[in-house]
Amino acid sequence: MFNHKEGYESVSLPTETINGKRYYTTPEGKHYPSVTTVTGMLNAKWIKKWRKAVGEEKANKISRKAAVRGTRYHQLQEDFLNNVLTEERLKSATPLDLMMFNQTKHVTSKLGDIYMLEGSMYSNEIEMAGRVDCIAEFQNKLSVIDFKTSTKHKTPSKIKNYFLQETAYATMFEEMYGEKIEQLVTIVAVEETGQAQLFIETPEQWVEQLKELRAQYRAEYGM
């Protein structure tokens, strides 16, 4: 059974699309771009090149499949961490969903106190907002926990956007709740190999790059 700490409730952040980009509206009425919108700039050129190479139809099919896979995996993780995952729920899961959940369960089981799960946050410092997977203790350190799914193994050089996303959430959590995030934990369930990956970074490594990317976004889109 996971212990959920009180006093770390997420805030209500309505969303809207402006010029094709996702923005959150803060309680003060400010419009901040989503974390994934900003960090998506890192891979935008690669994705455009990939879509051209495989064709729009195939690219859309692959993207839809990955999105559905990720959503179902996240729901299993959320139920597990909320202590509501039942045997009936597991039996109803597809073989792929069950395989991906089970390969990361031994890592997720090591989480300590959970501060936030699927919570919305924002930062006036970096002027960004988003929804974090999980804030919890891991290896006795307060951490941003990010659950990902992938078809193939990832390398650190290819997932810098993950680390920047997590750094943004770390910044938001410290600003809003006064608790310092010590590490970034990325848990990746891999479809082809059936072997999970674990990446651990520190926010300090990525803060400056995140600020540079945010400045680039502001210069390009004016927000």
Side-chain angles (χ1 to χ4, degrees), residues 1-13 15 22 34-36 40 54 57-121 130-156 158-159 161-163 165-166 169 173 183-201:
M1 297 291 288
F2 294 96
N3 178 55
H4 290 252
K5 293 181 71 70
E6 297 181 354
Y8 298 89
E9 292 76 16
S10 66
V11 295
S12 176
L13 298 174
T15 62
R22 183 184 178 93
S34 72
V35 172
T36 52
V54 302
E57 185 177 347
K58 185 175 181 179
N60 289 337
K61 183 178 179 180
I62 293 172
S63 297
R64 284 194 297 268
K65 179 183 176 182
V68 170
R69 179 186 65 192
T71 298
R72 293 199 304 247
Y73 170 76
H74 272 81
Q75 188 59 63
L76 282 173
Q77 286 286 14
E78 187 176 353
D79 288 349
F80 180 51
L81 295 174
N82 274 323
N83 305 312
V84 296
L85 186 59
T86 63
E87 286 297 325
E88 289 185 350
R89 174 74 173 88
L90 289 172
K91 289 178 181 178
S92 68
T94 68
L96 175 60
D97 297 341
L98 198 57
M99 182 272 286
M100 300 192 84
F101 171 72
N102 284 334
Q103 69 174 265
T104 60
K105 185 179 179 181
H106 71 286
V107 179
T108 310
S109 297
K110 297 178 182 177
L111 297 187
D113 287 345
I114 295 175
Y115 288 64
M116 184 176 289
L117 189 62
E118 290 294 334
S120 298
M121 299 185 293
R131 192 171 181 84
V132 67
D133 284 354
C134 182
I135 304 288
E137 292 175 358
F138 183 77
Q139 297 176 343
N140 297 316
K141 294 182 178 180
L142 189 57
S143 310
V144 171
I145 313 293
D146 203 6
F147 300 109
K148 300 292 187 182
T149 60
S150 177
T151 302
K152 300 179 180 180
H153 265 191
K154 298 290 190 182
T155 60
K158 299 294 185 181
I159 56 173
N161 59 317
Y162 293 176
F163 305 143
Q165 289 171 22
E166 294 154 12
Y169 297 132
F173 191 79
Q183 61 185 7
L184 315 173
V185 179
T186 311
I187 303 171
V188 186
V190 185
E191 182 174 344
E192 287 191 354
T193 65
Q195 295 180 333
Q197 292 181 279
L198 176 66
F199 300 92
I200 298 179
E201 300 276 324

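Please read all numbers here as calculations on a predicted model, not as lab measurements. Quick note: residue numbers are just sequence positions, from 1.
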Might you work through the side chain to side chain donor-acceptor pair (under 3.5 Å) test for Gln77 and Tyr73, ending with a clear yes or no? CA-CA 6 Å; Gln77 286 286 14; Tyr73 170 76; 2.9 Å; yes
Classify the ring geometry between Tyr8 and Tyr115 as parallel (under 30°), tilted (30 to 60°) or perpendicular (over 60°). perpendicular
Would Thr149 and Arg72 satisfy side chain to side chain donor-acceptor pair (under 3.5 Å), going step by step from the backbone distance to the final call? CA-CA 10 Å; Thr149 60; Arg72 293 199 304 247; over 6 Å; no
Against the six-membered ring of Tyr162, is Lys148 placed for a cation-pi contact (under 6.0 Å from the centre, within 45° of the normal)? yes
Within-4.5 Å side-chain heavy-atom neighbours: Arg69 and Met100: yes
Note, Glu191 side chain near Lys65 side chain (heavy atom, < 4.5 Å): yes
Counting N and O atoms only, with roles assigned by atom type, does the side chain of Gln183 sit under 3.5 Å from a partner on the main chain of Ile200, one being a donor and the other an acceptor? no
Give a yes or no answer on whether the side chain of Ser143 reaches the backbone of Lys141 with a donor-acceptor pair at less than 3.5 Å. yes
Give, for atom CD of Gln103 and atom OG1 of Thr108, the distance between the pair rounded to the nearest 0.5 Å. 10.5 Å
I need the single residue from Leu198, Val144, Asp133, Asp146 that forms a side-chain contact (heavy atoms from CB on, under 4.5 Å) with Val185. Which is it? Leu198
Interatomic distance, CG@Asn82 vs CD@Glu118, rounded to 0.5 Å, equals 9.5 Å
Partner of Phe147 by side-chain contact (heavy atoms from CB on, under 4.5 Å), out of Thr104, Thr186, Val107, Leu81: Leu81
In the structure I gave you, are the side-chain heavy atoms of Val190 and His153 within less than 4.5 Å of one another anywhere? yes
Below 4.5 Å, heavy atoms only, C-beta onward: do Arg89 and Leu76 meet side chain to side chain? yes
Which value, rounded to the nearest 0.5 Å, describes the distance between Leu90 atom CG and Phe80 atom CZ? 9.5 Å
Can a donor-acceptor pair be found, under 3.5 Å and without considering hydrogens, that links the side chain of Asn83 to the backbone of Phe2? yes
